[in-house]
Peer 1: 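For reference, the structure I am asking about is given below.
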Amino acid sequence: MKNSGEMLAILLLLSYNIGMETYLKALDEYFCAQYSDYTRISAIEGYKMPDMLYIGKDGNLSRKDSSKMRIAYQKNKDEILQALKKNLVDTDFTFSFRFRTLREKFSDRFQKYTFSKVLPVALKHCNATAEEAGEKLNIEPLFWQKIVKGKLYPEKNVVLALALVCRMQSQDVQNLLNVCGYSMDAESVRDVVVQYLIEQKIFNEEMRDNCLAEYKITNLPMKKRAQTESL
(Lines give C-alpha, C1' and ligand atoms only; values in the text may rest on other atoms or scores of the structure.)
Protein backbone atom coordinates (compact mmCIF):
# COMPACT_ATOMS: atom_id res chain seq x y z
CA MET A 1 0.00 0.00 0.00
CA LYS A 2 1.51 3.31 -1.07
CA ASN A 3 1.45 6.18 1.41
CA SER A 4 -0.15 9.53 0.61
CA GLY A 5 3.20 11.13 -0.27
CA GLU A 6 3.99 8.46 -2.85
CA MET A 7 0.48 8.70 -4.31
CA LEU A 8 0.77 12.48 -4.60
CA ALA A 9 4.14 12.14 -6.37
CA ILE A 10 2.63 9.66 -8.83
CA LEU A 11 -0.36 11.91 -9.51
CA LEU A 12 1.90 14.91 -10.07
CA LEU A 13 4.05 12.89 -12.47
CA LEU A 14 1.00 11.72 -14.40
CA SER A 15 -0.33 15.27 -14.54
CA TYR A 16 3.03 16.53 -15.82
CA ASN A 17 3.21 13.84 -18.52
CA ILE A 18 -0.35 14.54 -19.66
CA GLY A 19 0.32 18.28 -19.73
CA MET A 20 3.51 17.84 -21.75
CA GLU A 21 1.79 15.53 -24.20
CA THR A 22 -1.04 18.04 -24.62
CA TYR A 23 1.03 21.10 -25.55
CA LEU A 24 3.41 19.09 -27.75
CA LYS A 25 0.40 17.65 -29.60
CA ALA A 26 -0.95 21.18 -30.06
CA LEU A 27 2.42 22.23 -31.47
CA ASP A 28 2.35 19.28 -33.89
CA GLU A 29 -1.11 20.27 -35.12
CA TYR A 30 -0.03 23.89 -35.57
CA PHE A 31 3.11 22.82 -37.40
CA CYS A 32 1.21 20.54 -39.77
CA ALA A 33 -1.17 23.37 -40.62
CA GLN A 34 1.50 26.06 -41.10
CA TYR A 35 4.74 24.52 -42.38
CA SER A 36 5.02 25.08 -46.12
CA ASP A 37 8.37 23.86 -47.43
CA TYR A 38 6.58 21.85 -50.09
CA THR A 39 9.78 20.57 -51.69
CA ARG A 40 10.78 18.98 -48.41
CA ILE A 41 7.29 17.78 -47.54
CA SER A 42 6.64 16.15 -50.89
CA ALA A 43 9.91 14.21 -50.68
CA ILE A 44 8.85 12.39 -47.50
CA GLU A 45 8.06 8.72 -48.01
CA GLY A 46 4.32 8.14 -47.75
CA TYR A 47 3.38 11.67 -48.79
CA LYS A 48 0.71 11.75 -51.50
CA MET A 49 0.58 14.77 -53.77
CA PRO A 50 -3.00 16.10 -53.76
CA ASP A 51 -4.85 16.82 -56.97
CA MET A 52 -4.22 20.52 -57.45
CA LEU A 53 -6.26 21.00 -60.62
CA TYR A 54 -10.05 20.96 -60.76
CA ILE A 55 -12.91 22.06 -62.99
CA GLY A 56 -14.55 25.21 -61.62
CA LYS A 57 -18.26 26.04 -61.69
CA ASP A 58 -17.64 28.11 -64.80
CA GLY A 59 -16.25 25.05 -66.55
CA ASN A 60 -12.70 26.36 -66.64
CA LEU A 61 -9.67 24.55 -65.32
CA SER A 62 -8.59 26.02 -61.95
CA ARG A 63 -5.80 25.36 -59.49
CA LYS A 64 -6.20 24.84 -55.75
CA ASP A 65 -4.30 26.98 -53.29
CA SER A 66 -0.84 25.56 -52.54
CA SER A 67 -1.70 25.37 -48.83
CA LYS A 68 -3.58 22.14 -49.67
CA MET A 69 -0.13 20.54 -49.92
CA ARG A 70 0.54 21.00 -46.22
CA ILE A 71 0.91 18.02 -43.89
CA ALA A 72 -2.43 18.75 -42.20
CA TYR A 73 -4.27 17.61 -45.34
CA GLN A 74 -2.57 14.20 -45.50
CA LYS A 75 -4.61 11.24 -44.26
CA ASN A 76 -1.49 9.79 -42.61
CA LYS A 77 -0.29 13.17 -41.30
CA ASP A 78 1.05 11.73 -38.03
CA GLU A 79 3.34 9.33 -39.88
CA ILE A 80 4.44 12.06 -42.30
CA LEU A 81 5.27 14.40 -39.42
CA GLN A 82 7.25 11.75 -37.55
CA ALA A 83 9.25 10.98 -40.70
CA LEU A 84 10.04 14.66 -41.11
CA LYS A 85 11.06 15.02 -37.45
CA LYS A 86 13.34 12.01 -37.70
CA ASN A 87 15.55 13.74 -40.26
CA LEU A 88 15.51 17.26 -38.84
CA VAL A 89 18.80 19.08 -38.32
CA ASP A 90 18.98 22.72 -37.26
CA THR A 91 20.74 24.52 -40.11
CA ASP A 92 19.56 28.01 -39.10
CA PHE A 93 22.85 29.04 -37.50
CA THR A 94 23.71 32.72 -37.81
CA PHE A 95 26.18 34.97 -36.05
CA SER A 96 24.84 37.24 -33.33
CA PHE A 97 25.14 40.38 -35.39
CA ARG A 98 25.91 41.88 -38.76
CA PHE A 99 27.59 45.16 -39.56
CA ARG A 100 25.45 47.93 -40.97
CA THR A 101 26.18 48.99 -44.51
CA LEU A 102 27.06 52.61 -45.26
CA ARG A 103 23.65 53.00 -46.85
CA GLU A 104 21.95 51.70 -43.70
CA LYS A 105 24.00 54.00 -41.47
CA PHE A 106 22.94 57.00 -43.54
CA SER A 107 19.31 55.88 -43.80
CA ASP A 108 18.98 55.20 -40.05
CA ARG A 109 19.55 58.88 -39.30
CA PHE A 110 16.23 59.72 -40.93
CA GLN A 111 14.25 56.60 -40.00
CA LYS A 112 11.58 56.95 -37.35
CA TYR A 113 11.76 53.23 -36.61
CA THR A 114 15.05 51.38 -36.23
CA PHE A 115 15.94 48.43 -34.01
CA SER A 116 17.55 50.64 -31.37
CA LYS A 117 14.43 52.85 -31.29
CA VAL A 118 11.84 50.04 -31.30
CA LEU A 119 13.66 47.80 -28.80
CA PRO A 120 13.07 49.95 -25.65
CA VAL A 121 9.32 50.05 -26.38
CA ALA A 122 9.14 46.28 -26.85
CA LEU A 123 11.11 45.66 -23.66
CA LYS A 124 8.93 48.08 -21.70
CA HIS A 125 5.85 46.09 -22.69
CA CYS A 126 7.33 42.97 -21.08
CA ASN A 127 8.78 44.80 -18.06
CA ALA A 128 12.39 44.14 -19.00
CA THR A 129 15.49 46.23 -19.54
CA ALA A 130 18.17 45.85 -22.19
CA GLU A 131 20.60 44.80 -19.48
CA GLU A 132 18.25 42.07 -18.18
CA ALA A 133 17.63 40.85 -21.72
CA GLY A 134 21.35 40.67 -22.44
CA GLU A 135 21.92 38.53 -19.35
CA LYS A 136 19.56 35.90 -20.78
CA LEU A 137 21.11 35.84 -24.23
CA ASN A 138 24.18 33.84 -25.14
CA ILE A 139 25.87 36.85 -26.73
CA GLU A 140 29.07 38.64 -25.81
CA PRO A 141 28.06 41.69 -23.70
CA LEU A 142 30.17 44.00 -25.88
CA PHE A 143 28.27 43.01 -29.02
CA TRP A 144 24.90 43.13 -27.26
CA GLN A 145 25.56 46.69 -26.14
CA LYS A 146 26.44 47.70 -29.69
CA ILE A 147 23.23 46.09 -30.93
CA VAL A 148 21.21 47.98 -28.31
CA LYS A 149 22.85 51.27 -29.34
CA GLY A 150 22.23 50.60 -33.03
CA LYS A 151 25.87 50.25 -34.00
CA LEU A 152 25.29 46.65 -35.08
CA TYR A 153 22.21 44.91 -36.44
CA PRO A 154 21.04 41.66 -34.75
CA GLU A 155 20.71 38.52 -36.82
CA LYS A 156 17.28 36.87 -36.99
CA ASN A 157 18.22 34.18 -34.46
CA VAL A 158 18.94 36.92 -31.91
CA VAL A 159 15.55 38.59 -32.42
CA LEU A 160 13.74 35.26 -32.00
CA ALA A 161 15.76 34.35 -28.90
CA LEU A 162 15.13 37.80 -27.45
CA ALA A 163 11.40 37.37 -27.98
CA LEU A 164 11.36 34.08 -26.10
CA VAL A 165 13.57 34.97 -23.13
CA CYS A 166 11.77 38.29 -22.59
CA ARG A 167 8.27 36.86 -23.18
CA MET A 168 7.46 39.45 -25.80
CA GLN A 169 4.10 40.27 -27.31
CA SER A 170 3.54 39.05 -30.86
CA GLN A 171 3.20 42.54 -32.34
CA ASP A 172 6.43 43.72 -30.71
CA VAL A 173 8.26 40.72 -32.15
CA GLN A 174 6.86 41.52 -35.58
CA ASN A 175 7.98 45.15 -35.26
CA LEU A 176 11.53 44.14 -34.30
CA LEU A 177 11.74 41.71 -37.20
CA ASN A 178 10.40 44.30 -39.63
CA VAL A 179 12.94 46.99 -38.77
CA CYS A 180 15.74 44.46 -39.24
CA GLY A 181 14.40 43.39 -42.63
CA TYR A 182 13.16 39.98 -41.47
CA SER A 183 9.81 38.21 -41.34
CA MET A 184 8.51 34.88 -40.12
CA ASP A 185 9.02 32.25 -42.81
CA ALA A 186 6.53 29.38 -43.02
CA GLU A 187 9.17 27.34 -44.87
CA SER A 188 11.45 27.45 -41.81
CA VAL A 189 10.97 24.82 -39.10
CA ARG A 190 12.53 27.22 -36.59
CA ASP A 191 10.22 30.10 -37.49
CA VAL A 192 7.04 28.02 -37.37
CA VAL A 193 7.87 26.59 -33.93
CA VAL A 194 8.93 29.96 -32.49
CA GLN A 195 5.81 31.58 -33.95
CA TYR A 196 3.71 28.98 -32.13
CA LEU A 197 5.48 29.63 -28.82
CA ILE A 198 4.97 33.39 -29.14
CA GLU A 199 1.34 33.20 -30.25
CA GLN A 200 0.43 30.72 -27.50
CA LYS A 201 2.59 32.55 -24.93
CA ILE A 202 4.48 29.37 -24.02
CA PHE A 203 7.35 31.06 -22.21
CA ASN A 204 7.81 28.64 -19.33
CA GLU A 205 11.44 27.63 -19.86
CA GLU A 206 10.93 23.90 -19.52
CA MET A 207 7.91 23.84 -21.85
CA ARG A 208 9.65 26.17 -24.29
CA ASP A 209 12.79 24.06 -24.37
CA ASN A 210 10.78 20.86 -24.80
CA CYS A 211 9.06 22.34 -27.86
CA LEU A 212 12.36 23.47 -29.37
CA ALA A 213 13.96 20.09 -28.67
CA GLU A 214 11.01 18.28 -30.26
CA TYR A 215 11.91 19.94 -33.56
CA LYS A 216 15.68 19.85 -32.96
CA ILE A 217 16.06 23.64 -32.80
CA THR A 218 19.43 24.17 -31.12
CA ASN A 219 20.94 27.34 -32.55
CA LEU A 220 18.97 30.08 -30.79
CA PRO A 221 21.44 32.09 -28.63
CA MET A 222 19.66 31.66 -25.30
CA LYS A 223 21.44 30.82 -22.08
CA LYS A 224 20.45 27.52 -20.51
CA ARG A 225 18.31 27.58 -17.40
CA ALA A 226 21.28 26.64 -15.19
CA GLN A 227 23.21 29.62 -16.57
CA THR A 228 20.47 32.15 -15.88
CA GLU A 229 19.77 30.75 -12.41
CA SER A 230 23.42 31.23 -11.44
CA LEU A 231 23.44 34.94 -12.38
Side-chain angles (χ1 to χ4, degrees), residues 13-55 61-95 138 155-165 167-168 170 173-174 177 182-225:
L13 180 60
L14 288 173
S15 176
Y16 171 81
N17 289 334
I18 292 172
M20 183 171 70
E21 181 179 341
T22 299
Y23 71 76
L24 288 177
K25 181 176 177 56
L27 168 59
D28 285 345
E29 292 175 354
Y30 180 91
F31 186 87
C32 287
Q34 299 297 324
Y35 184 60
S36 60
D37 184 344
Y38 302 128
T39 301
R40 186 172 194 172
I41 292 173
S42 61
I44 299 174
E45 185 177 356
Y47 179 87
K48 293 184 178 180
M49 181 65 71
D51 294 329
M52 299 303 292
L53 300 178
Y54 69 99
I55 305 297
L61 191 65
S62 300
R63 185 176 179 83
K64 294 179 182 178
D65 185 89
S66 60
S67 64
K68 299 298 182 182
M69 296 173 62
R70 294 177 185 173
I71 300 174
Y73 292 96
Q74 294 287 302
K75 289 183 179 180
N76 58 335
K77 64 179 182 179
D78 292 338
E79 290 79 6
I80 297 293
L81 179 61
Q82 291 308 312
L84 182 145
K85 284 183 180 181
K86 184 178 179 180
N87 295 307
L88 284 179
V89 177
D90 192 354
T91 59
D92 286 311
F93 172 77
T94 57
F95 291 103
N138 195 17
E155 287 284 12
K156 189 174 184 179
N157 262 351
V158 172
V159 180
L160 298 181
L162 178 67
L164 294 178
V165 299
R167 306 182 176 215
M168 284 189 173
S170 181
V173 179
Q174 189 61 56
L177 289 170
Y182 308 128
S183 61
M184 288 295 193
D185 182 3
E187 293 188 5
S188 165
V189 172
R190 173 200 62 188
D191 287 15
V192 173
V193 173
V194 172
Q195 181 84 43
Y196 168 79
L197 294 174
I198 293 170
E199 288 182 359
Q200 300 302 314
K201 295 180 170 50
I202 298 180
F203 297 126
N204 172 276
E205 292 183 4
E206 184 175 7
M207 295 172 69
R208 176 200 73 194
D209 291 348
N210 284 339
C211 288
L212 295 175
E214 183 73 11
Y215 283 82
K216 297 183 176 66
I217 300 169
T218 59
N219 285 324
L220 293 178
M222 302 184 298
K223 287 182 178 176
K224 303 297 183 183
R225 276 172 285 169

Peer 1: Checking the side chain of Lys156 only, and the main-chain atoms of Ser183 only, is there a donor and an acceptor separated by less than 3.5 Å?
Peer 2: yes

Peer 1: For Asn204, enumerate each residue passing the side-chain contact (heavy atoms from CB on, under 4.5 Å) test, keeping only those at least two apart in sequence or located in another chain.
Peer 2: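 In terms of side-chain contact (heavy atoms from CB on, under 4.5 Å), with neighbours along the sequence ignored, Asn204 is linked to Glu206, Met207.
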
Peer 1: Rounded to the nearest 0.5 Å, how far does CG of Asn138 lie from NZ of Lys223?
Peer 2: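 Here the interatomic distance stands at 7.0 Å.
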
Peer 1: Determine the minimum heavy-atom distance between Val159 and Leu177, stating which atoms define it.
Peer 2: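 Where Val159 meets Leu177 most closely, the heavy atoms are CG1-CD2, 3.6 Å.
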
Peer 1: Residues two or more places apart in sequence or in another chain: which of them pass side chain to side chain donor-acceptor pair (under 3.5 Å) with Glu199?
Peer 2: Tyr30, Gln195

Peer 1: Rounded to the nearest 0.5 Å, how far does OG of Ser66 lie from OH of Tyr38?
Peer 2: 4.0 Å

Peer 1: Looking at residues at least two apart in the chain, or sitting in another chain, which of them share a side-chain contact (heavy atoms from CB on, under 4.5 Å) with Asp90?
Peer 2: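 Partners of Asp90 by the side-chain contact (heavy atoms from CB on, under 4.5 Å) criterion, ordered by chain and then number, come out as Asp92, Ile217, Thr218, Asn219.
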
Peer 1: Answer yes or no: is there a side-chain heavy-atom contact under 4.5 Å between Met69 and Ile41?
Peer 2: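 A side-chain contact is absent here, since even the closest heavy-atom pair is not under 4.5 Å.
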
Peer 1: Could you tell me which residues satisfy side chain to side chain donor-acceptor pair (under 3.5 Å) with Asp65, sequence neighbours excluded, listed by chain and number?
Peer 2: Ser67

Peer 1: Using ring-ring contact (aromatic ring centres under 6.0 Å, His included) as the criterion, list what pairs up with Phe31, not counting sequence neighbours.
Peer 2: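 Counting only residues at least two positions away or on another chain, Phe31 forms a ring-ring contact (aromatic ring centres under 6.0 Å, His included) with Tyr35, Tyr215.
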
Peer 1: Distance from Lys216 atom NZ to Lys86 atom NZ, nearest 0.5 Å?
Peer 2: 10.0 Å

Peer 1: To check you understand the geometry: which heavy-atom pair defines the closest contact between Ser42 and Tyr47, and what is its length?
Peer 2: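 Heavy atoms of Ser42 and Tyr47 come nearest at CA-CD2, 3.5 Å.
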
Peer 1: Using side chain to side chain donor-acceptor pair (under 3.5 Å) as the criterion, list what pairs up with Gln34, not counting sequence neighbours.
Peer 2: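 Partners of Gln34 by the side chain to side chain donor-acceptor pair (under 3.5 Å) criterion come out as none, since no residue qualifies.
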
Peer 1: How far apart are the closest heavy atoms of Cys32 and Arg70, and which atoms are they?
Peer 2: O-CB, 3.6 Å

Peer 1: Once salt bridge (charged side-chain N to carboxylate O under 4.0 Å, His left out) is applied, do any residues pair with Glu29, and if so which ones, sequence neighbours excluded?
Peer 2: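 Salt bridge (charged side-chain N to carboxylate O under 4.0 Å, His left out) list for Glu29, sorted by chain: Lys25.
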
Peer 1: How long is the straight-line distance from CG of Leu84 back to CD1 of Ile44, given to the nearest 0.5 Å?
Peer 2: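 One finds 4.0 Å between CD1 of Ile44 and CG of Leu84.
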
Peer 1: At what distance, to the nearest 0.5 angstrom, does CG of Leu160 lie from CG of Leu197?
Peer 2: 10.5 Å

Peer 1: Identify the two heavy atoms, one from Val193 and one from Cys211, that lie closest to each other, and give their separation to 0.1 Å.
Peer 2: CG1-O, 4.1 Å

Peer 1: Under the side-chain contact (heavy atoms from CB on, under 4.5 Å) rule, collect the residues that match up with Ala163, sequence neighbours excluded.
Peer 2: Met168, Val173, Ile198

Peer 1: List the steps and the verdict of side chain to side chain contact (heavy atoms under 4.5 Å, CB included) for Arg208 and Leu220.
Peer 2: CA-CA 12 Å; Arg208 176 200 73 194; Leu220 293 178; over 6 Å; no

Peer 1: Got a second to check how far Glu205's CD is from Leu212's CG, nearest 0.5 Å?
Peer 2: 11.5 Å

Peer 1: For residues 73-85, which residue pairs qualify under side-chain hydrogen bond (donor to acceptor under 3.5 Å, both in side chains), counting only residues two or more places apart or in two chains?
Peer 2: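 Of all non-adjacent pairs touching residues 73-85, those that pass side-chain hydrogen bond (donor to acceptor under 3.5 Å, both in side chains) are Asp28-Lys85, Lys85-Glu214.
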
Peer 1: Who passes side chain to side chain donor-acceptor pair (under 3.5 Å) against Arg190, sequence neighbours left out?
Peer 2: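 Partners of Arg190 under the side chain to side chain donor-acceptor pair (under 3.5 Å) test: Asn157.
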
Peer 1: Checking Phe95 now: which residues fulfil ring-ring contact (aromatic ring centres under 6.0 Å, His included) with it, not counting sequence neighbours?
Peer 2: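 Phe95: ring-ring contact (aromatic ring centres under 6.0 Å, His included) contacts with Phe93.
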
